[in-house]
4 protein chains.
Amino acid sequence: MVMTEKQENILHAALELFAEQGYAATSTSKVAKAAKVSEGLIFRHFKNKEGLLAAIFEMVAEKTKAVLADIVMTTDAKQVIEKILELPFSIDPNDYRMWRLMYAMKWQTQSYSTEKMEPVKMAAKNAFVKLGYKNPDAESELLLMLLDGAATAILLHEPEDKEAVLIALKGKYKH
Amino acid sequence: MVMTEKQENILHAALELFAEQGYAATSTSKVAKAAKVSEGLIFRHFKNKEGLLAAIFEMVAEKTKAVLADIVMTTDAKQVIEKILELPFSIDPNDYRMWRLMYAMKWQTQSYSTEKMEPVKMAAKNAFVKLGYKNPDAESELLLMLLDGAATAILLHEPEDKEAVLIALKGKYKH
Amino acid sequence: MVMTEKQENILHAALELFAEQGYAATSTSKVAKAAKVSEGLIFRHFKNKEGLLAAIFEMVAEKTKAVLADIVMTTDAKQVIEKILELPFSIDPNDYRMWRLMYAMKWQTQSYSTEKMEPVKMAAKNAFVKLGYKNPDAESELLLMLLDGAATAILLHEPEDKEAVLIALKGKYKH
Amino acid sequence: MVMTEKQENILHAALELFAEQGYAATSTSKVAKAAKVSEGLIFRHFKNKEGLLAAIFEMVAEKTKAVLADIVMTTDAKQVIEKILELPFSIDPNDYRMWRLMYAMKWQTQSYSTEKMEPVKMAAKNAFVKLGYKNPDAESELLLMLLDGAATAILLHEPEDKEAVLIALKGKYKH
DNA sequence: AATGAATGAGGCTTCATTCAT
DNA sequence: GATGAATGAAGCCTCATTCAT
């Protein structure tokens with residue numbers, strides 16, 4: 001989607017505020033003020049407060065596509081698992097806000113589902129099959145849990161020694 | 001805290017609605033209606049919408065104390081880890097809503113911190129020290145991540161074969 | 001419907017403003033100001049701007065019931081026609097605003113229909129049958145048209161010699 | 001007034017929407033969309049939303065002039081009355097929307113007056129004088145009322161047997 | 001303790017209108 | 001002539017909270 005400068009200002013202001021205060025607790029007027037545009041403009045470009053959120057979701061999907069595709073395309077089983085494990089540890093700190101918003105929104109009932117990760121889960125399962133794990137279904141489920149837990153920890157309190165945690169984590173998959 | 005019946009009605013209605021629609025998106029009037037009390041009563045008993053949330057948090061703390069204490073009091077290292085791992089898998093489904101609210105609130109900046117888990121983390125670290133793990137700090141951090149990830153998965157989409165996942169999970173701590 | 005004083009203030013202010021400026025062109029804030037209440041109160045009592053209008057309609061229906069019933073209950077054919085003809089000429093000037101609003105609303109598509117007059121039309125038809133008119137259907141239709149036309153003229157520009165007009169009008173039904 | 005095609009599109013869209021939803025309830029943006037032109041163009045051509053309405057009024061005046069002139073120019077008294085009576089029954093159904101708008105606008109205080117009909121009223125009065133009616137003033141007033149009533153009925157609910165009603169109506173003026 | 005009428009601030013959205021292109 | 005981005009005021013409505021009863 002091509003965007004004017006003001007449209008991008010709105011989107012970024014919204015992302016920032018939604019991530020920090022929550023979607024419901026952020027008023028469109030606050031977004032407008034932060035983006036330095038008139039409140040009306042938000043609605044001309046995004047139709048709705050919800051449309052604004054949807055635009056953010058789309059932006060995230062766009063940004064994520066490449067890295068998820070890379071995982072799904074990887075053929076070496078060990079590498080697949082390693083890449084998934086590394087995922088949360090390699091989030092660009094500039095994108096923390098964005099991900100905090102995504103994770104926060106997961107808890108809103110009417111929110112967009114996590115089915116985006118389905119292909120990754122499949123890739124993980126295949127990898128576990130190849131590696132001869134006993135229960136590939138449970139293992140892939142577990143791996144995604146791990147990914148979620150790690151991302152949560154990183155986004156919420158940025159653990160002191162991320163490197164060490166990643167090493168410990170990888171250790172669990174060295175038999 | 002001793003509560004009248006209406007107080008409890010309010011508290012339960014609030015918990016239910018906050019968990020389902022989010023704290024900010026739930027109006028006190030909706031809570032009043034759901035609890036079948038007048039709008040004013042909420043403020044007489046809990047002073048604030050925030051006070052209502054605080055009361056819920058207190059209730060949760062009360063409910064959690066026992067089980068966390070049990071972990072901290074456990075002396076056998078292997079058992080400590082096992083008990084922590086089992087934690088999310090043994091949540092009473094009646095309490096799902098409650099925990100969903102807790103997890104959702106974590107992402108709100110002005111929200112109450114997760115320092116409640118600090119003692120558990122310490123217990124885990126001690127256990128890893130006893131068991132001779134190379135990096136007990138990273139390991140305990142990782143264990144709490146796991147706990148978070150598992151809880152998230154269970155609360156959000158209730159995985160099909162929880163038993164198998166728990167077994168796979170415990171497998172990671174059998175060397 | 002029992003009403004508090006403020007409720008009545010709102011209703012009257014709304015009637016006045018809707019009649020003078022039109023329903024769509026009257027803002028709820030103007031109504032609140034005219035009624036000297038907070039804007040929110042309108043919505044507590046009437047739910048909607050539309051609910052406010054509906055309440056006015058109900059009030060009008062209440063006020064009109066008696067006089068319409070009187071016509072329908074009249075057995076003498078000539079009297080029925082005379083009473084219908086007199087209807088617009090005997091509107092209480094205090095009710096002009098009310099009726100102006102009713103007539104204005106007739107032109108709004110989504111508005112309440114004129115089926116309230118159906119019983120009156122039936123009564124007229126019966127009267128014309130009794131009196132041996134050739135086409136009672138057309139005659140009753142015409143009578144209601146007359147009623148409408150007269151009411152419109154009276155409400156919109158208050159003709160100089162109403163008495164004379166009424167006499168001329170009655171003259172049309174003396175054969 | 002000479003008009004470009006787009007100007008005409010705007011005018012017709014406005015007429016349609018104003019007639020169906022009311023002037024105040026129709027936004028200029030809806031008009032623009034219906035006319036398939038940009039929002040700005042309305043203001044370039046008609047200056048105002050009000051200017052748009054004024055242009056419609058002018059168009060109507062233009063359309064009406066001929067038929068009203070015909071009545072005023074008629075010398076035979078009986079024919080004058082007959083032509084006036086026939087007026088509402090001979091409205092081109094294609095013009096119903098237009099007339100609905102005109103009649104709806106009559107009830108708005110700040111709206112254009114009905115003095116357009118003054119010459120017709122005069123013609124009627126003269127006719128009644130010629131025919132020796134007792135009170136020509138009241139009779140002409142009454143005749144215009146009738147015209148209004150008939151037009152209202154036709155525009156609002158299109159009576160089933162218009163022909164019969166017209167005959168009944170004419171009957172009132174055959175002594 | 002309990003109600004629900006009342007408030008005023010603020011929420012989301014639409015509006016008429018302007019202006020750079 | 002024509003577009004559509006941009007504005008700020010206003011519109012309808014909901015909110016948290018207070019208060020008289």
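Everything numeric here is computed off the predicted structure, so don't read it as measured data. Order of the sequence lines fixes the chain letters, A, B, ..., with proteins taken first and strands second; residue numbering starts at 1 for each chain. What you see below is based on every heavy atom in this structure, not just the backbone, and it leaves out hydrogens, waters and symmetry mates.
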Contacts of type salt bridge (Lys or Arg N to Asp or Glu O under 4.0 Å), residue A/Lys47, not counting sequence neighbours: none
All N/O contacts under 3.5 Å from nucleotides 18-21 of chain E to the protein, with atom names and distances to one decimal?
none

Positions of residues 23-33 of chain B (non-hydrogen atom under 4.0 Å from DNA chain E), listed by number: none
Stems involving DNA chain E, each a run of at least 3 consecutive Watson-Crick or G-U pairs under 3.5 Å: E:2-21 with F:2-21
By salt bridge (Lys or Arg N to Asp or Glu O under 4.0 Å) - contacts of A/Arg100 (at least two apart): none
Partner residues of C/Glu5 under the side-chain hydrogen bond (donor to acceptor under 3.5 Å, both in side chains) criterion, sequence neighbours left out: none
Distance-only donor-acceptor pairs under 3.5 Å for side chains of residues 33-45 of chain C, two or more places apart:
residue: C/Glu39; atom: OE2; partner: C/Thr28; partner atom: OG1; Å: 2.7
residue: C/Glu39; atom: OE2; partner: C/Ser29; partner atom: N; Å: 3.4

Under-4.0 Å side-chain N/O to phosphate OP1/OP2 contact, D/Ser38 with F/dG4: no
With sequence neighbours excluded, residues passing side-chain contact (heavy atoms from CB on, under 4.5 Å) with C/Asp92: C/Asn94, C/Asp95
side-chain contact (heavy atoms from CB on, under 4.5 Å) against A/Lys30, all qualifying residues, sequence neighbours excluded: A/Leu17, A/Gln21, A/Ser27
Listed partners of C/Ala24 passing side-chain contact (heavy atoms from CB on, under 4.5 Å), at least two apart: D/Ala24, D/Ala25
Pairing residues for D/Tyr23 by the side-chain hydrogen bond (donor to acceptor under 3.5 Å, both in side chains) criterion, not counting sequence neighbours: none
With C/Ala14 via side-chain contact (heavy atoms from CB on, under 4.5 Å) - residues at least two apart: C/Phe18, C/Val31, C/Leu52, C/Ile56
